[in-house]
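Everything on this sheet refers to the single structure shown next.
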Amino acid sequence: MTHLYALCDCNNFYASCERVFDPSLNNKPVVVLSNNDGCVIARSNEAKVLGIAMGEPFFKLRHLVESKQVYAFSSNYTLYGDMSNRVMQTLSRFTPHAEVYSIDECFLDLGSFCHIDLHTYAWEIKRTVLQWTGIPVSLGIAPTKTLAKVANRLAKKSKKANGVLVLTHPQHIQKALEATPLQDVWGIGRRYARFLQQRHVHTAYDFSKLSESWVKQHMTVVGLRLLKELRGEACLELEEVASPKKGICTSRSFGKRVNTFDDLQEATATYAARCARKLRRQNSCARLLTVFVTTNKFSENDRQYYNSKTIAMPVATNSDIELIHYANLALKAIYRDGYWYKKSGVIVSEIEPEYQLQLSLLDTIDREKHGKLMRVLDGLSDRFGQGIIRTATQGLSNAWQLKSDFKSPCYTTQLADLQTAYIR
DNA sequence: TCTGGGGTCCTAGGACCC
DNA sequence: TCTGGGGTCCTAGGACCC
(Lines give C-alpha, C1' and ligand atoms only; values in the text may rest on other atoms or scores of the structure.)
Protein backbone atom coordinates (compact mmCIF):
# COMPACT_ATOMS: atom_id res chain seq x y z
CA MET A 1 0.00 0.00 0.00
CA THR A 2 1.38 3.32 -0.99
CA HIS A 3 1.47 6.09 1.51
CA LEU A 4 0.21 9.47 0.46
CA TYR A 5 -0.08 12.49 2.68
CA ALA A 6 -1.35 15.98 2.08
CA LEU A 7 -0.28 18.85 4.26
CA CYS A 8 -2.82 21.63 4.26
CA ASP A 9 -1.44 24.85 5.69
CA CYS A 10 -3.34 28.10 6.13
CA ASN A 11 -1.61 31.02 4.45
CA ASN A 12 -0.46 33.68 6.94
CA PHE A 13 -3.14 32.31 9.23
CA TYR A 14 -3.58 34.98 11.91
CA ALA A 15 -3.41 37.80 9.37
CA SER A 16 -5.92 35.95 7.18
CA CYS A 17 -8.32 35.58 10.14
CA GLU A 18 -8.28 39.33 10.70
CA ARG A 19 -9.03 39.86 7.03
CA VAL A 20 -12.04 37.57 6.94
CA PHE A 21 -13.99 40.01 9.07
CA ASP A 22 -12.58 43.19 7.57
CA PRO A 23 -12.22 42.81 3.81
CA SER A 24 -10.93 46.36 3.51
CA LEU A 25 -7.65 44.84 4.69
CA ASN A 26 -7.33 42.77 1.51
CA ASN A 27 -4.18 43.59 -0.45
CA LYS A 28 -2.91 45.69 2.45
CA PRO A 29 0.06 44.87 4.70
CA VAL A 30 -1.31 43.27 7.88
CA VAL A 31 0.69 42.10 10.90
CA VAL A 32 -0.40 40.34 14.07
CA LEU A 33 1.50 40.98 17.30
CA SER A 34 2.54 38.68 20.14
CA ASN A 35 1.11 39.00 23.64
CA ASN A 36 1.66 42.47 25.09
CA ASP A 37 1.99 43.75 21.52
CA GLY A 38 5.67 42.91 21.79
CA CYS A 39 6.71 41.68 18.39
CA VAL A 40 5.40 40.50 15.03
CA ILE A 41 4.25 36.88 14.90
CA ALA A 42 2.29 36.82 11.63
CA ARG A 43 2.49 38.83 8.42
CA SER A 44 0.44 39.07 5.26
CA ASN A 45 2.37 38.73 1.99
CA GLU A 46 2.28 42.51 1.55
CA ALA A 47 3.89 42.96 4.96
CA LYS A 48 6.58 40.43 4.03
CA VAL A 49 7.29 42.41 0.85
CA LEU A 50 7.83 45.52 2.97
CA GLY A 51 10.66 43.64 4.67
CA ILE A 52 8.95 43.22 8.05
CA ALA A 53 10.65 40.25 9.69
CA MET A 54 9.14 37.56 11.86
CA GLY A 55 9.78 38.48 15.48
CA GLU A 56 10.49 42.12 14.70
CA PRO A 57 9.83 44.30 17.77
CA PHE A 58 6.69 46.34 17.30
CA PHE A 59 8.28 49.68 18.17
CA LYS A 60 10.37 49.43 15.02
CA LEU A 61 7.31 49.56 12.83
CA ARG A 62 5.10 51.74 14.95
CA HIS A 63 5.65 54.64 12.55
CA LEU A 64 4.37 52.51 9.65
CA VAL A 65 1.24 51.71 11.64
CA GLU A 66 0.64 55.32 12.60
CA SER A 67 0.94 56.44 8.98
CA LYS A 68 -1.45 53.62 7.96
CA GLN A 69 1.09 51.91 5.75
CA VAL A 70 0.74 48.79 7.89
CA TYR A 71 -2.31 47.49 9.81
CA ALA A 72 -1.42 45.90 13.15
CA PHE A 73 -3.54 43.67 15.41
CA SER A 74 -3.00 42.35 18.92
CA SER A 75 -3.32 38.57 18.88
CA ASN A 76 -6.84 37.28 19.39
CA TYR A 77 -6.50 33.56 20.06
CA THR A 78 -10.20 33.11 20.71
CA LEU A 79 -10.90 34.21 17.15
CA TYR A 80 -8.03 32.21 15.63
CA GLY A 81 -8.97 29.07 17.56
CA ASP A 82 -12.52 29.22 16.35
CA MET A 83 -11.50 29.88 12.73
CA SER A 84 -9.07 26.97 12.99
CA ASN A 85 -11.93 24.66 14.04
CA ARG A 86 -13.93 25.74 11.02
CA VAL A 87 -11.04 25.01 8.66
CA MET A 88 -10.41 21.59 10.25
CA GLN A 89 -14.11 20.71 10.08
CA THR A 90 -14.15 21.56 6.41
CA LEU A 91 -11.04 19.50 5.72
CA SER A 92 -12.52 16.48 7.47
CA ARG A 93 -15.09 16.27 4.68
CA PHE A 94 -12.35 15.27 2.26
CA THR A 95 -10.83 12.29 4.06
CA PRO A 96 -11.79 10.09 6.99
CA HIS A 97 -8.22 10.27 8.32
CA ALA A 98 -6.81 13.61 9.34
CA GLU A 99 -4.36 14.88 11.94
CA VAL A 100 -4.68 18.41 13.24
CA TYR A 101 -1.02 19.20 13.55
CA SER A 102 -1.20 22.80 14.76
CA ILE A 103 -3.62 25.69 14.84
CA ASP A 104 -3.05 26.29 11.13
CA GLU A 105 -1.86 22.94 9.73
CA CYS A 106 -3.50 19.61 9.07
CA PHE A 107 -2.16 16.38 7.59
CA LEU A 108 -4.63 14.41 5.48
CA ASP A 109 -4.13 10.74 4.71
CA LEU A 110 -4.84 10.33 1.01
CA GLY A 111 -3.51 6.77 0.85
CA SER A 112 -6.74 5.42 -0.55
CA PHE A 113 -7.06 8.22 -3.11
CA CYS A 114 -4.25 7.08 -5.43
CA HIS A 115 -6.61 6.35 -8.25
CA ILE A 116 -8.02 9.85 -8.53
CA ASP A 117 -6.47 12.97 -9.99
CA LEU A 118 -4.74 14.35 -6.89
CA HIS A 119 -4.13 17.75 -8.39
CA THR A 120 -7.81 18.27 -9.12
CA TYR A 121 -8.78 16.98 -5.69
CA ALA A 122 -6.33 19.31 -3.95
CA TRP A 123 -7.77 22.25 -5.83
CA GLU A 124 -11.24 21.20 -4.80
CA ILE A 125 -10.10 21.21 -1.15
CA LYS A 126 -8.45 24.59 -1.48
CA ARG A 127 -11.48 26.13 -3.16
CA THR A 128 -13.92 24.71 -0.62
CA VAL A 129 -11.96 25.88 2.43
CA LEU A 130 -11.73 29.39 1.01
CA GLN A 131 -15.40 29.48 0.15
CA TRP A 132 -16.65 28.08 3.47
CA THR A 133 -14.27 29.80 5.88
CA GLY A 134 -12.65 32.68 4.01
CA ILE A 135 -9.19 31.31 4.80
CA PRO A 136 -6.73 30.74 1.91
CA VAL A 137 -4.73 27.50 2.22
CA SER A 138 -1.91 25.72 0.41
CA LEU A 139 -1.56 22.00 -0.16
CA GLY A 140 1.47 19.81 -0.64
CA ILE A 141 1.01 16.13 -1.44
CA ALA A 142 3.74 13.47 -1.23
CA PRO A 143 4.50 9.92 -0.04
CA THR A 144 5.76 10.99 3.40
CA LYS A 145 4.84 13.72 5.84
CA THR A 146 8.25 15.35 5.57
CA LEU A 147 8.02 15.40 1.76
CA ALA A 148 4.49 16.79 2.04
CA LYS A 149 6.02 19.63 4.08
CA VAL A 150 8.59 20.17 1.32
CA ALA A 151 5.81 20.18 -1.28
CA ASN A 152 3.72 22.59 0.74
CA ARG A 153 6.55 25.07 1.06
CA LEU A 154 7.14 25.05 -2.69
CA ALA A 155 3.40 25.23 -3.37
CA LYS A 156 3.39 28.54 -1.52
CA LYS A 157 6.59 29.85 -3.09
CA SER A 158 6.12 28.93 -6.70
CA LYS A 159 3.95 31.18 -8.87
CA LYS A 160 3.30 28.27 -11.19
CA ALA A 161 2.12 25.96 -8.40
CA ASN A 162 -0.10 28.72 -7.03
CA GLY A 163 -0.78 26.93 -3.77
CA VAL A 164 -0.98 23.28 -4.81
CA LEU A 165 1.92 20.90 -5.47
CA VAL A 166 1.79 17.14 -5.91
CA LEU A 167 5.12 15.30 -5.54
CA THR A 168 4.76 11.69 -6.56
CA HIS A 169 7.26 11.14 -9.38
CA PRO A 170 10.86 10.52 -8.29
CA GLN A 171 12.21 13.16 -10.67
CA HIS A 172 9.84 15.77 -9.28
CA ILE A 173 10.80 14.82 -5.74
CA GLN A 174 14.49 15.19 -6.54
CA LYS A 175 13.93 18.61 -8.10
CA ALA A 176 11.94 19.71 -5.08
CA LEU A 177 14.70 18.56 -2.71
CA GLU A 178 17.30 20.43 -4.75
CA ALA A 179 15.18 23.56 -4.50
CA THR A 180 14.83 23.30 -0.71
CA PRO A 181 17.53 24.92 1.41
CA LEU A 182 18.60 22.71 4.29
CA GLN A 183 17.40 25.08 7.00
CA ASP A 184 13.88 24.97 5.55
CA VAL A 185 13.55 21.22 6.07
CA TRP A 186 11.08 20.20 8.80
CA GLY A 187 13.22 18.91 11.67
CA ILE A 188 16.38 20.84 10.81
CA GLY A 189 16.76 23.71 13.24
CA ARG A 190 19.45 26.33 13.48
CA ARG A 191 21.99 24.13 15.22
CA TYR A 192 21.83 21.24 12.78
CA ALA A 193 21.73 23.61 9.81
CA ARG A 194 24.99 25.22 10.89
CA PHE A 195 26.57 21.86 11.69
CA LEU A 196 25.65 20.41 8.30
CA GLN A 197 26.55 23.49 6.28
CA GLN A 198 30.05 23.31 7.67
CA ARG A 199 30.16 19.89 6.05
CA HIS A 200 28.96 21.26 2.70
CA VAL A 201 25.41 20.03 3.00
CA HIS A 202 23.32 22.90 1.69
CA THR A 203 20.07 21.50 0.34
CA ALA A 204 17.55 18.85 1.29
CA TYR A 205 18.92 16.88 -1.67
CA ASP A 206 22.50 17.01 -0.32
CA PHE A 207 21.18 15.75 3.00
CA SER A 208 19.26 12.90 1.40
CA LYS A 209 22.56 11.62 -0.04
CA LEU A 210 24.32 11.25 3.33
CA SER A 211 24.88 7.79 4.76
CA GLU A 212 22.46 6.42 7.31
CA SER A 213 25.17 5.54 9.81
CA TRP A 214 26.73 9.00 9.69
CA VAL A 215 23.39 10.71 10.15
CA LYS A 216 22.44 8.45 13.04
CA GLN A 217 25.78 9.00 14.71
CA HIS A 218 25.58 12.80 14.54
CA MET A 219 21.84 13.45 14.65
CA THR A 220 20.40 10.54 16.64
CA VAL A 221 17.50 8.41 15.49
CA VAL A 222 15.51 11.58 14.86
CA GLY A 223 17.91 12.57 12.08
CA LEU A 224 17.85 9.07 10.67
CA ARG A 225 14.07 9.14 10.48
CA LEU A 226 14.23 12.47 8.70
CA LEU A 227 16.70 11.03 6.17
CA LYS A 228 14.41 8.12 5.39
CA GLU A 229 11.38 10.35 5.11
CA LEU A 230 13.15 12.54 2.56
CA ARG A 231 14.04 9.41 0.59
CA GLY A 232 10.37 8.53 0.44
CA GLU A 233 10.22 5.93 3.19
CA ALA A 234 7.34 6.84 5.49
CA CYS A 235 8.43 6.69 9.16
CA LEU A 236 5.98 9.18 10.65
CA GLU A 237 2.43 7.99 10.93
CA LEU A 238 -0.72 10.01 10.97
CA GLU A 239 -1.71 10.74 14.57
CA GLU A 240 -5.44 11.12 14.36
CA VAL A 241 -6.16 11.19 18.07
CA ALA A 242 -4.23 13.82 19.95
CA SER A 243 -2.55 12.18 22.94
CA PRO A 244 -3.14 13.87 26.30
CA LYS A 245 -0.45 16.35 27.19
CA LYS A 246 2.18 15.32 29.73
CA GLY A 247 2.73 18.81 31.02
CA ILE A 248 0.60 21.91 30.79
CA CYS A 249 1.99 25.38 31.23
CA THR A 250 0.28 28.75 31.44
CA SER A 251 2.55 31.74 31.73
CA ARG A 252 2.53 35.32 30.55
CA SER A 253 4.65 38.39 30.71
CA PHE A 254 2.69 41.12 32.42
CA GLY A 255 1.49 44.20 30.59
CA LYS A 256 3.65 46.18 32.99
CA ARG A 257 6.01 45.08 35.71
CA VAL A 258 4.51 44.58 39.17
CA ASN A 259 6.07 44.54 42.63
CA THR A 260 3.29 43.67 45.07
CA PHE A 261 2.47 40.20 46.28
CA ASP A 262 -1.23 40.81 45.62
CA ASP A 263 -0.77 41.54 41.94
CA LEU A 264 1.51 38.56 41.51
CA GLN A 265 -0.98 36.40 43.34
CA GLU A 266 -3.89 37.46 41.12
CA ALA A 267 -1.94 36.72 37.97
CA THR A 268 -0.66 33.39 39.26
CA ALA A 269 -4.12 32.32 40.45
CA THR A 270 -5.52 33.17 37.02
CA TYR A 271 -2.85 31.03 35.33
CA ALA A 272 -3.56 28.17 37.74
CA ALA A 273 -7.25 28.36 36.81
CA ARG A 274 -6.33 28.23 33.09
CA CYS A 275 -4.21 25.13 33.71
CA ALA A 276 -7.18 23.58 35.51
CA ARG A 277 -9.42 24.32 32.54
CA LYS A 278 -6.91 22.79 30.13
CA LEU A 279 -6.72 19.69 32.32
CA ARG A 280 -10.51 19.33 32.37
CA ARG A 281 -10.64 19.69 28.58
CA GLN A 282 -8.51 16.59 28.19
CA ASN A 283 -10.20 14.79 31.10
CA SER A 284 -7.12 14.56 33.24
CA CYS A 285 -5.77 15.61 36.61
CA ALA A 286 -2.28 16.64 37.71
CA ARG A 287 -0.23 15.59 40.74
CA LEU A 288 2.51 18.20 40.57
CA LEU A 289 2.20 21.94 40.40
CA THR A 290 5.08 24.33 39.77
CA VAL A 291 4.99 28.10 40.07
CA PHE A 292 7.78 30.29 38.76
CA VAL A 293 8.35 34.02 38.89
CA THR A 294 10.93 36.11 37.11
CA THR A 295 12.01 39.72 36.77
CA ASN A 296 12.65 41.27 33.36
CA LYS A 297 15.88 39.72 32.17
CA PHE A 298 16.17 42.33 29.40
CA SER A 299 16.26 45.16 31.87
CA GLU A 300 19.78 46.08 32.92
CA ASN A 301 18.64 48.47 35.65
CA ASP A 302 16.35 46.11 37.55
CA ARG A 303 17.75 43.72 40.16
CA GLN A 304 17.24 40.21 38.83
CA TYR A 305 15.41 37.33 40.50
CA TYR A 306 14.16 33.98 39.29
CA ASN A 307 12.73 31.22 41.40
CA SER A 308 10.38 28.30 41.17
CA LYS A 309 8.66 25.96 43.58
CA THR A 310 7.09 22.59 42.91
CA ILE A 311 4.43 21.11 45.15
CA ALA A 312 3.28 17.49 45.15
CA MET A 313 -0.44 17.55 45.78
CA PRO A 314 -1.96 14.79 47.91
CA VAL A 315 -4.44 13.78 45.21
CA ALA A 316 -4.24 14.61 41.52
CA THR A 317 -6.75 17.32 40.70
CA ASN A 318 -8.16 19.55 38.00
CA SER A 319 -10.17 21.84 40.25
CA ASP A 320 -9.64 25.60 39.99
CA ILE A 321 -10.04 25.89 43.74
CA GLU A 322 -7.40 23.33 44.64
CA LEU A 323 -4.87 24.36 42.03
CA ILE A 324 -5.20 28.00 43.05
CA HIS A 325 -4.72 27.01 46.68
CA TYR A 326 -1.45 25.20 45.97
CA ALA A 327 -0.31 27.88 43.55
CA ASN A 328 -0.72 30.37 46.39
CA LEU A 329 1.37 28.24 48.74
CA ALA A 330 4.10 27.89 46.13
CA LEU A 331 4.07 31.59 45.36
CA LYS A 332 4.35 32.49 49.05
CA ALA A 333 7.43 30.30 49.27
CA ILE A 334 9.27 32.10 46.49
CA TYR A 335 7.98 35.67 46.63
CA ARG A 336 10.57 38.21 47.73
CA ASP A 337 9.93 41.84 48.43
CA GLY A 338 11.76 44.51 46.52
CA TYR A 339 11.79 43.19 42.97
CA TRP A 340 9.97 44.27 39.83
CA TYR A 341 8.37 41.11 38.49
CA LYS A 342 7.71 40.75 34.78
CA LYS A 343 6.37 37.27 34.41
CA SER A 344 4.98 34.35 36.32
CA GLY A 345 3.72 30.96 35.30
CA VAL A 346 2.08 27.76 36.45
CA ILE A 347 3.08 24.32 35.20
CA VAL A 348 1.13 21.18 36.05
CA SER A 349 2.65 17.74 35.46
CA GLU A 350 2.42 14.07 36.42
CA ILE A 351 -0.86 14.03 34.60
CA GLU A 352 -3.28 11.13 35.03
CA PRO A 353 -6.62 10.29 33.46
CA GLU A 354 -9.51 11.68 35.49
CA TYR A 355 -11.22 8.31 35.83
CA GLN A 356 -8.35 6.35 37.37
CA LEU A 357 -7.18 8.57 40.19
CA GLN A 358 -5.14 7.33 43.10
CA LEU A 359 -7.29 8.49 45.96
CA SER A 360 -5.98 9.20 49.42
CA LEU A 361 -7.47 7.88 52.63
CA LEU A 362 -6.88 11.21 54.28
CA ASP A 363 -8.61 13.12 51.52
CA THR A 364 -10.90 15.74 53.00
CA ILE A 365 -12.16 17.21 49.77
CA ASP A 366 -15.57 16.46 48.32
CA ARG A 367 -14.38 15.78 44.78
CA GLU A 368 -17.81 15.16 43.38
CA LYS A 369 -18.95 18.57 44.53
CA HIS A 370 -15.88 20.24 43.09
CA GLY A 371 -16.46 18.46 39.80
CA LYS A 372 -20.03 19.68 39.57
CA LEU A 373 -19.00 23.22 40.35
CA MET A 374 -16.31 23.14 37.71
CA ARG A 375 -18.73 21.86 35.08
CA VAL A 376 -21.01 24.81 35.78
CA LEU A 377 -18.06 27.16 35.64
CA ASP A 378 -16.93 25.77 32.28
CA GLY A 379 -20.42 26.11 30.89
CA LEU A 380 -20.54 29.78 31.87
CA SER A 381 -17.06 30.40 30.46
CA ASP A 382 -18.11 28.85 27.16
CA ARG A 383 -21.15 31.09 26.96
CA PHE A 384 -19.87 34.36 28.31
CA GLY A 385 -16.12 34.21 27.91
CA GLN A 386 -13.19 32.91 29.91
CA GLY A 387 -12.88 34.31 33.43
CA ILE A 388 -16.47 35.58 33.66
CA ILE A 389 -16.77 33.72 36.96
CA ARG A 390 -13.65 33.43 39.09
CA THR A 391 -12.41 32.92 42.59
CA ALA A 392 -11.69 35.96 44.71
CA THR A 393 -7.96 35.32 44.52
CA GLN A 394 -7.99 35.89 40.78
CA GLY A 395 -9.06 39.41 41.58
CA LEU A 396 -10.14 42.39 39.57
CA SER A 397 -6.95 44.35 39.40
CA ASN A 398 -5.57 44.89 35.97
CA ALA A 399 -2.09 45.94 36.94
CA TRP A 400 -0.63 42.79 35.43
CA GLN A 401 -3.03 42.27 32.52
CA LEU A 402 -1.70 41.87 29.02
CA LYS A 403 -1.21 44.91 26.92
CA SER A 404 -3.47 44.48 23.93
CA ASP A 405 -4.13 47.81 22.30
CA PHE A 406 -5.11 46.65 18.82
CA LYS A 407 -7.38 43.71 19.43
CA SER A 408 -10.15 42.90 16.99
CA PRO A 409 -13.55 41.73 18.32
CA CYS A 410 -14.15 38.00 18.90
CA TYR A 411 -16.52 38.05 15.96
CA THR A 412 -17.30 34.35 15.97
CA THR A 413 -17.64 33.52 19.66
CA GLN A 414 -19.10 36.44 21.62
CA LEU A 415 -22.52 37.85 21.18
CA ALA A 416 -21.55 41.44 21.88
CA ASP A 417 -18.72 41.24 19.38
CA LEU A 418 -20.97 39.69 16.79
CA GLN A 419 -23.22 42.71 17.07
CA THR A 420 -20.22 44.95 16.54
CA ALA A 421 -19.51 43.00 13.39
CA TYR A 422 -23.00 43.60 12.05
CA ILE A 423 -22.81 47.31 12.73
CA ARG A 424 -19.55 47.53 10.84
C1' DT B 1 10.16 52.17 26.59
C1' DC B 2 9.15 48.01 23.68
C1' DT B 3 11.96 42.13 22.54
C1' DG B 4 5.75 35.53 22.90
C1' DG B 5 4.02 31.25 24.72
C1' DG B 6 3.42 26.36 24.76
C1' DG B 7 4.82 22.00 23.60
C1' DT B 8 7.58 17.16 22.16
C1' DC B 9 11.24 13.80 21.84
C1' DC B 10 15.90 12.00 22.58
C1' DT B 11 20.30 11.14 24.97
C1' DA B 12 23.73 10.88 28.51
C1' DG B 13 24.87 10.01 32.95
C1' DG B 14 24.08 8.89 37.74
C1' DA B 15 21.77 6.06 41.23
C1' DC B 16 20.31 1.85 42.34
C1' DC B 17 19.17 -3.14 41.97
C1' DC B 18 20.16 -8.17 41.33
C1' DT C 1 44.30 -9.17 44.06
C1' DC C 2 41.38 -9.61 40.53
C1' DT C 3 37.20 -6.81 39.45
C1' DG C 4 30.59 -8.52 35.73
C1' DG C 5 26.93 -7.54 33.32
C1' DG C 6 22.56 -6.48 32.83
C1' DG C 7 18.53 -3.83 33.84
C1' DT C 8 15.43 0.32 35.35
C1' DC C 9 14.39 4.87 36.68
C1' DC C 10 15.18 9.63 36.99
C1' DT C 11 16.93 14.13 35.64
C1' DA C 12 19.10 17.69 33.06
C1' DG C 13 19.98 19.46 28.91
C1' DG C 14 19.77 19.78 23.95
C1' DA C 15 17.29 19.97 19.79
C1' DC C 16 13.26 20.73 17.44
C1' DC C 17 8.24 22.32 16.31
C1' DC C 18 4.29 25.99 15.62
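Convention: sequence-line order gives letters A, B, ...; per-chain numbering from 1.
Looking at heavy-atom distances under 4.0 Å, Gly247(A) makes contact with sugar-phosphate atoms alone, never a base. Within 4.0 Å of Arg190(A), counting heavy atoms only, lie sugar-phosphate atoms of the nucleic acid but no base atom. Residue Phe298(A) is in base contact, counting any heavy-atom pair closer than 4.0 Å across all strands shown. Within the nucleic acid shown, Arg225(A) comes within 4.0 Å of sugar-phosphate atoms alone, with no base atom in reach, counting heavy atoms only. Across all strands, Glu56(A) comes closer than 4.0 Å to no nucleic acid atom at all (heavy-atom distances). Within 4.0 Å (heavy atoms only), Val100(A) reaches no atom of the nucleic acid at all. Here Lys149(A) lies in heavy-atom contact (under 4.0 Å) with sugar-phosphate atoms only. Residue Asp37(A) is classed as having no contact, given no heavy-atom separation below 4.0 Å to the nucleic acid. Residue-level contact check: Ser75(A) touches neither bases nor backbone, having no heavy atom under 4.0 Å from any strand. Within the 4.0 angstrom heavy-atom criterion, no nucleotide atom of any strand lies near Lys256(A). Backbone-only engagement by Ile248(A) is indicated by non-hydrogen atom pairs under 4.0 Å involving sugar-phosphate atoms exclusively. Nucleic acid contact for Lys245(A): sugar-phosphate only, since backbone atoms but no base atoms lie under 4.0 Å from a heavy atom of the residue. Within 4.0 Å (heavy atoms only), Ile188(A) reaches sugar-phosphate atoms of the nucleic acid but no base atom.
Across every non-hydrogen atom of Arg19(A) and Asn27(A), the tightest pair is NH2-N, 3.7 Å. Here the closest non-hydrogen pair linking Leu4(A) and Pro143(A) is CD1-N, 4.2 Å.
Comparing Lys246(A) and Ser251(A) against DNA chain B, the residue whose closest nucleotide sits nearer the 5' end is Ser251(A). A residue-by-residue look at Pro244(A) and Phe59(A) shows that Phe59(A) has its nearest nucleotide of DNA chain B further toward the 5' end.
Using a 3.5 Å distance cut-off with no hydrogens or angles, the side chains of Arg257(A) and Tyr341(A) do not pair a donor with an acceptor. No side-chain N or O of Thr290(A) forms a donor-acceptor pair with one of Ser308(A) less than 3.5 Å apart.
Reading DNA chain C from its 5' end, the first and the last nucleotide to sit under 4.0 Å from a heavy atom of chain A are dA15(C) to dC18(C).
When both distances must be under 3.5 Å, the Watson-Crick or G-U wobble mate of dC18(B) is dG5(C).
Under a 4.0 Å N-O distance rule, the pair Asp320(A)/Arg280(A) qualifies as a salt bridge. Between Lys145(A) and Glu99(A) there is a salt bridge, since at least one side-chain N of the basic residue sits less than 4.0 Å from a carboxylate O of the acidic one.
For Phe298(A) and Trp340(A), the gap between ring centers reaches or exceeds 6.0 Å.
dG4(C) and dC17(B) are spaced 14 Å apart, taking the C1' atom of each and rounding to whole Å.
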